[in-house]
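Comments concern the structure below.
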Amino acid sequence: MDEKFNMFMETVDERFRSFVNQINKYLTENGCKCDIKSQKSGYVVSYILNSSKRTLATFISRKTGMKLRIYPEHIQDYQSFLDTLPEKVKKEIKKSSVCKRLINPDDCNPKCVMGYTFSLDGNQYQKCRYMAFQPTLSEENNPYIRQFLENELQAGADYDYQDILPTHPTTQ
């Protein structure tokens with residue numbers, strides 16, 4: 001794994017290697033398994049939550065630069081955060097593909113996992129989970145990317161914690 005990760009890091013723009021290392025460390029220390037695959041477009045580095053086996057985020061290479069695709073299952077808990085994103089990121093989210101399954105479940109592959117319904121700048125959107133949240137790494141975006149991941153992990157932890165709490169009547 002370390003050798004694959006090092007090979008991946010060689011493909012990361014030098015300006016962002018420290019940030020990618022920080023994200024890798026943060027996610028692996030917070031219960032994610034790092035999975036690295038080589039594809040035609042470059043390496044795909046996914047972070048899978050051990051607790052639920054779902055992918056939280058994936059580094060992907062594009063002609064426009066390296067992106068981090070985020071899968072925010074708990075976006076409803078912190079969607080006001082989206083309003084704080086840089087305008088460029090908001091624009092990308094707004095122009096991303098709609099989720100066909102949310103609009104009409106028969107319009108998309110039945111095995112496709114549905115996308116997200118959320119509010120951004122006062123408008124409601126229904127976006128494809130594979131296209132909606134994939135900000136490009138940049139000096140401006142990176143702090144927001146980190147905050148996005150922190151929000152999602154915290155919201156997920158809150159759900160996990162609530163699921164295991166015993167229910168007791170309140171005693172006075």
Side-chain angles (χ1 to χ4, degrees), residues 1 4-5 7-9 11-13 15-79 81-102 108-109 111-120 125-156:
M1 177 64 83
K4 273 188 178 179
F5 188 77
M7 289 169 57
F8 158 67
M9 286 301 290
T11 68
V12 176
D13 186 316
R15 298 174 296 162
F16 307 126
R17 286 183 184 164
S18 173
F19 175 73
V20 170
N21 268 320
Q22 288 173 23
I23 293 299
N24 179 67
K25 183 178 182 196
Y26 175 73
L27 293 178
T28 55
E29 287 177 352
N30 281 281
C32 290
K33 177 186 148 220
C34 180
D35 181 54
I36 303 171
K37 293 185 172 101
S38 180
Q39 293 189 339
K40 188 170 72 172
S41 61
Y43 288 96
V44 175
V45 180
S46 298
Y47 293 90
I48 299 132
L49 285 162
N50 290 328
S51 60
S52 64
K53 306 288 187 235
R54 72 173 181 86
T55 302
L56 171 64
T58 302
F59 282 109
I60 53 176
S61 297
R62 295 289 184 259
K63 288 179 182 169
T64 56
M66 180 148 307
K67 295 178 174 277
L68 185 65
R69 180 180 291 148
I70 302 169
Y71 301 97
E73 300 299 320
H74 306 288
I75 192 68
Q76 297 299 317
D77 293 350
Y78 58 91
Q79 65 183 331
F81 163 76
L82 298 176
D83 293 338
T84 70
L85 293 171
E87 289 305 316
K88 213 174 192 180
V89 175
K90 288 181 187 181
K91 186 176 176 185
E92 288 177 6
I93 292 169
K94 290 173 184 178
K95 74 175 188 175
S96 66
S97 304
V98 298
C99 176
K100 294 177 188 174
R101 283 203 68 205
L102 283 171
C108 195
N109 183 332
K111 292 181 180 178
C112 180
V113 179
M114 279 196 205
Y116 309 106
T117 299
F118 58 91
S119 292
L120 174 62
Y125 295 92
Q126 293 183 309
K127 296 295 185 173
C128 172
R129 71 182 272 108
Y130 302 104
M131 302 303 293
F133 304 107
Q134 48 182 355
T136 303
L137 301 189
S138 72
E139 285 85 358
E140 181 183 19
N141 295 350
N142 291 355
Y144 293 93
I145 292 170
R146 169 78 186 231
Q147 185 64 50
F148 206 147
L149 295 170
E150 289 171 354
N151 287 340
E152 182 61 25
L153 282 174
Q154 181 59 55

Tell me, which pairs form a salt bridge (Lys or Arg N to Asp or Glu O under 4.0 Å) where one or both residues lie in residues 91-100, sequence neighbours left out?
K67-E92, K94-D121
Contact between I145 and F19 at the side-chain level, heavy atoms closer than 4.5 Å - yes or no?
yes
Looking at Y26, is R146 sitting on its ring face, NZ or CZ under 6.0 Å from the six-membered ring centre and within 45 degrees of the normal?
yes
Using side-chain heavy atoms (C-beta onward) and a distance below 4.5 Å, is L137 in contact with V20?
yes
Using the ring pair (Phe, Tyr, Trp, His ring centres under 6.0 Å) definition, which of the options F133, Y130, Y125 pairs with Y116?
F133
Out of curiosity, C128 SG to R101 CZ, how far, rounded to the nearest 0.5 Å?
11.5 Å
side-chain contact (heavy atoms from CB on, under 4.5 Å) for Q126 and M114? Distances and angles first, verdict last.
CA-CA 10 Å; Q126 293 183 309; M114 279 196 205; over 6 Å; no
Closest heavy-atom pair, S138 versus N141, reported as atoms and distance to 0.1 Å, is OG-N, 3.0 Å
Separation between OG (S18) and CE (M9), nearest 0.5 Å, reads 8.0 Å
Between the main-chain N or O of L82 and the side-chain N or O of K90, is there a donor-acceptor pair closer than 3.5 Å?
no
Quick one: are L120 and D83 in side-chain contact, heavy atoms under 4.5 Å?
yes
Any idea which heavy atoms bring S96 and A132 closest together, and the distance?
OG-CA, 3.5 Å
Distance from L49 atom CG to R54 atom CZ, nearest 0.5 Å?
5.0 Å
Does any non-hydrogen side-chain atom of D13 lie less than 4.5 Å from one of M66?
no
Grab the two heavy atoms, one from Q134 and one from I60, that are nearest each other, plus how far apart they are.
OE1-CD1, 3.0 Å
For Y78, side-chain hydrogen bond (donor to acceptor under 3.5 Å, both in side chains) partners two or more places apart:
E152
To the nearest 0.5 Å, atom CD of Q22 lies from atom CG of L149 at 12.0 Å
Could you check whether any side-chain N or O of Q76 sits under 3.5 Å from a backbone N or O of T117, counting only pairs where one atom can act as donor and the other as acceptor?
yes
Closest heavy-atom pair and its distance - H74, A155:
CB-CB, 3.5 Å
Report the relative orientation of the aromatic rings in F59 and Y47; use parallel for angles under 30°, tilted for 30 to 60°, perpendicular for over 60°.
perpendicular
Kindly write out the residues that satisfy ring-ring contact (aromatic ring centres under 6.0 Å, His included) with F16, not counting sequence neighbours, or none if the list is empty.
none
So, does Q79 use its side chain to make a donor-acceptor pair with the main chain of F118 at under 3.5 Å?
no
Atom CG in L27, atom CG in L153: separation rounded to 0.5 Å?
6.0 Å
Give me the atom names and distance for the closest heavy-atom approach of I36 to C34.
CG1-SG, 3.9 Å
For the residue pair F81 and Y144, does the interplanar ring angle fall in the parallel (under 30°), tilted (30 to 60°) or perpendicular (over 60°) class?
tilted
In terms of heavy-atom contacts, L102 and G115 come closest through CD1-C, 3.7 Å
Rounded to the nearest 0.5 Å, what's the gap from NZ on K33 to CD1 on I48? Could you check?
5.0 Å
